[in-house]
> 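Can you read through this structure? Questions will come right after.
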Amino acid sequence: MSTPPTELIAVAWDGDAVTYLDQRRLPHEVRHERARTVEEIEAAIKTLAVRGAPAIGVFGAYGVALLRDAIADDEHFALAARRVRDARPTAVNLAWAVDRVLAAEDMLAEAQAIHREQISMDKAMSEAGLALIPKNARILTHCNTGPIATAGGGTALGVIVAAQRAGKKPHVFVDETRPLLQGARLTYFELRQAGVDATLQVDGAAAIAMQRKQIDLVIVGADRIARNGDTANKIGTYGLAVLAAHHGIPFYVAAPRSTFDFSMRSGDEIHIEERAPEEVTAFGGTPVAPPDAKVYNPAFDVTPGHLVTAFVTEYGVIEPPYPETIPSLELRPRFGVLT
Ligand code: MRU
């Protein structure tokens, strides 16, 4: 394994390109790439080279600003922006960020503002979540929600790292997160970089971990949250929420306001991305199932809002009843703007 650098830059503006960390290569190789065309931007998102709801929002925002400069014809530009916006369907942050940039007069300035805001929102979120983490907490998490997933300080993982910095000494049980192993490859890697004690487990070990390992809480991120608190997140999250309820363990979701989709009344309306069967029939490129096996490979599931103990946002902790507390979030002034 290469020596971990002190700082991994998830996404950055580079004048004539958008630079990104190729997350597919972690933890073995830290390599940054440059995307300059709509094809390169779209491919980076679709292949999960750039992934994580807020990070694809920031990347898409810079991407559209870049394409505006490169494509003079308005119709061609609109088509290119649409390709970026639609590259992945479930995380609302991508469409939200692209729409925000498209509505701005200075697209690059707007993309930079989205990036800056993400960094300060992540910081506020981690501070808000700190109160939920007891000293020496044993925490279970799923997928990857760290700095590389947000282009800031992270959502759920940001809260965990804040707890570590506050001297709370959390211990994290990390689901490997099949089929693409974001937990094993990325979360374990980022926790180690942050000096957080962690144990890796297969996804199927979550139940016995809750039964026998004194798990105090579960905290995950989100890709889209409906007005009633129904939460789309990485496949396997819903099962964790059911298990947590069974074991009487709090289940928290950390997400910025940009991940809430106030237009959706419930999670039934959320479009769940289905990915290629090969992600399931092969492991690290080696076939593990008959090549013609029928496969169901949803990238996300929807946790019913009633299973979420609380949401951690940049505006503070939000508790039930969600059909009342979440819509009031929409009315809050833009983050960082004082009333
Ligand atoms: O398919 P991915 O890896 O982009 O899925 C990411 C997740 O599900 C994360 O948990 C979510 O985006 C929250 S990230 C801060």
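As the structure lists them, so they are numbered: ligands from 1, and atoms in each ligand from 1.
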> Which of the atoms of ligand 1 are close to T150, meaning less than 4.0 Å from one of its heavy atoms?
15 (C)
> Could you walk me through whether T90 and H271 pass the side-chain hydrogen bond (donor to acceptor under 3.5 Å, both in side chains) test, one step at a time?
CA-CA 6 Å; T90 303; H271 179 168; over 6 Å; no
> Could you tell me which atoms of ligand 1, counted from 1 in the order shown, lie closer than 4.0 angstrom to a heavy atom of Q182?
1 (O), 2 (P), 3 (O)
> Compute whether any side-chain donor of one residue and acceptor of the other, for R51 and N144, lie under 3.5 angstrom apart.
yes
> Between A53 and ligand 1, which part of the residue brings a heavy atom under 4.0 Å of the ligand: side chain, backbone, both or neither?
both
> Any N or O of D223 that comes nearer than 3.5 Å to an N or O of ligand 1?
yes
> Within the structure, is a non-hydrogen atom of P54 found at a distance of less than 4.0 Å from ligand 1?
yes
> Against heavy atoms of G52, which atoms of ligand 1 measure under 4.0 Å?
4 (O), 12 (O)
> Which of the numbered atoms in ligand 1 are below 4.0 angstrom from a heavy atom of T155?
15 (C)
> Within 45 degrees of the axis of the six-membered ring of F77 and under 6.0 Å from its centre: does R68 put its NZ or CZ there?
yes
> Can you label the angle between the H171 ring and the F173 ring as parallel, tilted or perpendicular, going by 30° and 60°?
tilted
> Salt bridge between E39 and R83, side-chain N to carboxylate O under 4.0 Å?
yes
> Indicate whether the side chain of D261 and that of S263 have a donor and an acceptor atom separated by less than 3.5 Å.
yes
> Examine N233 against ligand 1 and note whether any of their N/O atoms are separated by less than 3.5 Å.
yes
> In this structure, does ligand 1 have an atom that sits under 4.0 Å from one of the heavy atoms of R88?
yes
> Among side-chain atoms of Y20 and H32, is any donor-acceptor pair under 3.5 angstrom?
no
> Evaluating non-hydrogen atoms only, which member of K234, R51, R224 is closest to atom 3 (O) of ligand 1?
R51
